Amino acid sequence: MSTKRITIPDDFILGAAASAWQTEGWSGKKPGQDSWPDLWYKNDRHVWHNGYGPAVATDFINRFREDVQLMKLAGLTHYRTSINWSRFLTDYEAVTVDEEYAAYYDQLFDELLANGIEPMICLEHYELPGYLLEAYGGWGSKKVVELYVRYVEQVFARYHHKVTRWFTFNEPIVVQTRVYLDALRWPYEQNTGKWMQWNHHKVLATAKVVQLFREKGYQGTVGCILNPEVTYPRSSAAHDLRAAEVYDLFYNRVFLDPLVHGAYPAELFTLLEKHAVAWDYSADELAIIRDNTVDELGINLYYPHRVKAPSRAWHPETPFHPAWYYEPFELPGRKMNNSRGWEIYPQIVYDMAMRIKKDYRNIPWFVAESGMGVENEAQFRNADGVIADDYRIRFISEHLWQTLRAREDGANCHGYMLWAFTDNVSPMNAFKNRYGLIEIDLQNDRARRPKASARWFRQLRDSRELTVDIDDEWR
């Protein structure tokens with residue numbers, strides 16, 4: 001163990017993130033404005049921890065002025081959230097804006113800017129309108145790509161003078177992986193072809209939005225927020241290396257390559273064809289993707305992913321899944337967040353940074369989410385009534401140090417953002433594991449209380465210096 005001190009550059013983002021559906025709640029929502037998470041909750045509420053879901057969330061839509069003051073107290077330089085596509089419109093075919101909901105965002109952006117906090121806005125954070133899922137099959141449809149671009153056109157026209165950093169999606173691979181690849185979430189259908197079609201249409205939609213933004217001549221940037229799983233093989237043996245390589249191809253490169261380089265990896269086509277996975281794409285679509293790569297990336301990083309070569313044969317009647325080529329591997333003796341069941345390995349940030357520098361033209365990027373969810377945090381409340389979350393301060397310190405170390409080594413990294421600003425609802429997990437700098441008290445009208453980490457984060461922002469004790473293995 002050694003103590004390290006490192007300076008935080010003045011222009012380096014120290015922010016936090018959230019999403020519309022996980023914070024706003026349903027207050028003021030009109031009939032027919034359900035998103036995919038809303039429909040999931042309504043159809044499958046029992047899988048959400050203690051029955052909590054997006055119905056009330058943190059009630060941010062009614063308490064955003066209070067929360068912006070808490071952001072200021074915590075020292076946030078930037079705040080990333082989303083606009084809820086399903087609520088921004090009242091008619092998804094005619095692209096009719098819900099003026100009441102749109103006015104709320106005008107007020108939110110004004111409040112953030114007046115308090116010195118820059119908004120960074122995601123245009124879809126799982127908030128596919130339920131109507132488009134039911135009418136067209138969601139992102140499996142090229143019609144939905146068209147309607148999404150028309151929705152984004154309305155958003156840009158209204159807010160381009162207040163927001164200059166836009167992101168097409170947050171974690172665009174997640175919904176279809178949980179629904180169509182692993183069949184773990186509503187509406188539960190294992191279909192690898194649908195999974196790949198959703199991937200492609202989100203890549204295509206991103207390219208079309210980049211094209212729109214540039215044609216309109218708006219000031220700012222368009223990026224995408226990805227959650228690449230930093231993948232380590234069990235061993236240096238060729239079979240384990242191949243398992244990691246294929247895992248990386250299907251879960252990371254499927255978005256990283258087309259968004260940054262403008263083309264899917266050739267081997268992706270080869271393996272999908274080998275396993276008879278059908279998906280629809282055209283030369284014109286590939287040309288749009290080629291010509292409209294993103295300006296920057298947000299990268300969500302929580303834990304490493306470790307794999308080994310598969311040890312069992314694939315059943316001949318089971319449709320293809322990328323797990324044909326790999327099995328999960330658990331590193332003996334790994335450091336764990338036992339609440340979440342995730343390994344803690346801060347070096348994933350440095351390793352991802354060096355990969356972006358080497359393989360992805362050192363594109364501008366930032367850590368868009370990093371955080372530690374802990375169950376039953378009330379057990380850490382001190383005599384002053386404050387949750388003394390030293391474990392979170394340590395987690396942030398170790399991961400931030402790796403981010404700054406990577407920047408010093410040439411990574412084009414512009415910031416570090418926490419998940420999350422406040423405790424909030426997560427899919428299925430609900431409020432079980434708490435991530436926030438700010439506590440949300442569900443038993444007391446969702447009262448807000450800063451945790452110890454909030455005041456520490458403010459001191460970090462003010463001092464622009466990080467001091468951290470680092471395990472030797474993470475040097």
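Not measured: the values here are computed from a predicted model.
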| When rounded to the nearest 0.5 angstrom, what distance separates CD1 in I396 from CZ in R392? | 7.0 Å
| request: Verify the distance criterion only: is there a donor paired with an acceptor across the side chains of D280 and Q197 at less than 3.5 Å? | output: no
| field | Closest contact, heavy atoms only, S397 versus V468 | value | CB-CG2, 3.5 Å
| Which residues share a salt bridge (charged side-chain N to carboxylate O under 4.0 Å, His left out) with R65, sequence neighbours left out | E111
| message | Donor-acceptor check, side chain of N444 to backbone of A447, threshold 3.5 angstrom: yes or no? | response | no
| message | Quick check: closest heavy atoms across W48 and S426, and the distance to 0.1 Å? | response | CZ3-O, 3.6 Å
| request: Might you confirm whether atom CZ of R455 has over 12 heavy atoms from other residues, nucleotides or ligands at distances under 6.0 Å? | output: no
| field | Interatomic spacing from CG in L297 to SG in C224 - rounded to 0.5 Å | value | 7.5 Å
| note | Residues at least two apart in sequence or cross-chain that pass side chain to side chain donor-acceptor pair (under 3.5 Å) with W198, listed by chain then number, are none
| request: Could you tell me whether K42 sits above the aromatic face of W36, with NZ or CZ closer than 6.0 angstrom to the six-membered ring centre and within 45 degrees of the axis? | output: no
| Going by atom types only, do D98 and Q33 share a side-chain donor-acceptor pair under 3.5 Å? | yes
| field | Inter-residue atom distance I6.CD1 - W401.CH2, 0.5 Å rounding | value | 7.0 Å
| field | Set of residues satisfying salt bridge (charged side-chain N to carboxylate O under 4.0 Å, His left out) with respect to R214, sequence neighbours excluded | value | D295
| field | Aromatic ring proximity, centroids under 6.0 angstrom, Y41 and W21 | value | no
| With sequence neighbours left out, what residues match Y188 under ring-ring contact (aromatic ring centres under 6.0 Å, His included)? | none
| message | What I want to check is whether the side chains of D409 and Y350 have a donor and an acceptor closer together than 3.5 Å. | response | yes
| Looking at K30 and E100, does any basic side-chain N land under 4.0 Å from a carboxylate oxygen? | yes
| request: With sequence neighbours excluded, tell me which residues meet salt bridge (charged side-chain N to carboxylate O under 4.0 Å, His left out) with E215. | output: none
| field | Side-chain touch L466/R5, heavy atoms, less than 4.5 angstrom | value | no
| task | Flag the pair V367 / I299 as yes when at least one side-chain heavy-atom distance between them is below 4.5 Å, and no otherwise. | result | no
| message | Per the side chain to side chain donor-acceptor pair (under 3.5 Å) rule, what does the pair list look like for residues 410-422, sequence neighbours excluded? | response | S370-Y416, N412-H414
| said: I'd like to know if the side chain of N191 and the backbone of G193 have a donor-acceptor N/O pair within less than 3.5 Å. | reply: yes
| Salt-bridged, K29 to D34, with N to O below 4.0 Å? | yes
| query | Can a donor-acceptor pair be found between the side chains of T231 and D248 at a distance below 3.5 Å? | reply | no
| said: If the condition is salt bridge (charged side-chain N to carboxylate O under 4.0 Å, His left out), which residues does E465 pass it with, not counting sequence neighbours? | reply: none
| Do the charged groups of R458 and D462 touch, with an N to O distance under 4.0 Å? | yes
| query | Shortest non-hydrogen contact from A57 to F431? | reply | O-CZ, 3.7 Å
| In this structure, which one of E377, R434, E439 forms a side-chain contact (heavy atoms from CB on, under 4.5 Å) with D389? | E377
| Side-chain (N292) to main-chain (I288) donor-acceptor, under 3.5 angstrom | yes
| request: Assess the side chains of N337 and N433: does a donor N or O sit below 3.5 Å from an acceptor N or O? | output: no
| said: Taking the side chain as everything from C-beta on, heavy atoms only, tell me whether L132 gets closer than 4.5 Å to W85. | reply: yes
Contacts under 3.5 angstrom, residues 66-74 side chains, donor-acceptor by atom type, not counting sequence neighbours:
from : atom 1 : to   : atom 2 : distance (Å)
E66  : OE1    : R63  : NE     : 3.1
E66  : OE1    : R63  : NH2    : 3.4
D67  : OD1    : R448 : NE     : 2.8
D67  : OD2    : R448 : NH2    : 2.9
Q69  : NE2    : N115 : OD1    : 3.0

| query | Taking side chain as C-beta onward, heavy atoms only, is I356 less than 4.5 Å from I363? | reply | yes
| query | How about S82 and E127: does a side-chain donor come under 3.5 Å of a side-chain acceptor? | reply | yes
| query | Any chance the rings of Y360 and H261 have centres within less than 6.0 Å? | reply | yes
| field | Partner set under side chain to side chain donor-acceptor pair (under 3.5 Å) for H200, not counting sequence neighbours | value | Y264, E285
| said: For the residue pair S86 / N84, report whether a side-chain donor-acceptor contact shorter than 3.5 Å exists. | reply: yes
| message | Any heavy-atom pair between the side chains of N227 and Y251 that's under 4.5 Å? | response | no
| Looking at side-chain heavy atoms only, is the closest gap between P304 and V230 below 4.5 Å? | no
| query | Can you check whether Y104 and Y159 have ring centres sitting under 6.0 Å from each other? | reply | no
| Stepwise ring pair (Phe, Tyr, Trp, His ring centres under 6.0 Å) check, F269 with W279 | CA-CA 10 Å; F269 292 99; W279 54 295; 5.7 Å; yes
| said: The criterion is side chain to side chain donor-acceptor pair (under 3.5 Å); which residues satisfy it with K216, sequence neighbours excluded? | reply: none
| Any cation-pi pair here, R446 with F60, using under 6.0 Å and within 45°? | no
| query | Any chance the rings of Y391 and F395 have centres within less than 6.0 Å? | reply | no
| said: Let me confirm one number: the OG1-CG distance from T168 to L204, rounded to the nearest 0.5 Å. | reply: 11.5 Å
| task | Quickly, which of Y218, F109, W166 forms a ring pair (Phe, Tyr, Trp, His ring centres under 6.0 Å) with H160? Name it, please. | result | Y218
| query | Do R340's NZ or CZ and the ring of W342 fall within the cation-pi criteria of under 6.0 Å and 45°? | reply | yes
| query | If you measure only the distance, is there a donor-acceptor pair under 3.5 Å linking the side chains of N424 and T58? | reply | no
| field | Check ion pair K162-E118 (N to O, under 4.0 angstrom) | value | no
| query | Is there side-chain contact between M120 and V163, with heavy atoms separated by less than 4.5 Å? | reply | no
| task | Kindly write out the residues that satisfy side chain to side chain donor-acceptor pair (under 3.5 Å) with E229, not counting sequence neighbours, or none if the list is empty. | result | Y247, H305
| message | A side-chain contact here means heavy atoms from C-beta on lying under 4.5 Å apart; do T77 and I117 qualify? | response | no
| said: Considering only residues two or more places apart or on different chains, which pairs with a residue in residues 144-154 satisfy side chain to side chain donor-acceptor pair (under 3.5 Å)? | reply: none
| query | Does a donor on one side chain and an acceptor on the other come within less than 3.5 Å for D38 and W26? | reply | yes
| said: Would you say CD of Q219 has more than 12 non-hydrogen atoms from neighbouring residues, nucleotides or ligands within 6.0 angstrom? | reply: no
| field | Minimum-distance pair of heavy atoms, taken over all atoms of L437 and S453 | value | CD2-OG, 3.4 Å
| task | Determine yes or no for a side-chain-to-main-chain donor-acceptor pair under 3.5 angstrom, with R185 supplying the side chain and V179 the backbone. | result | no
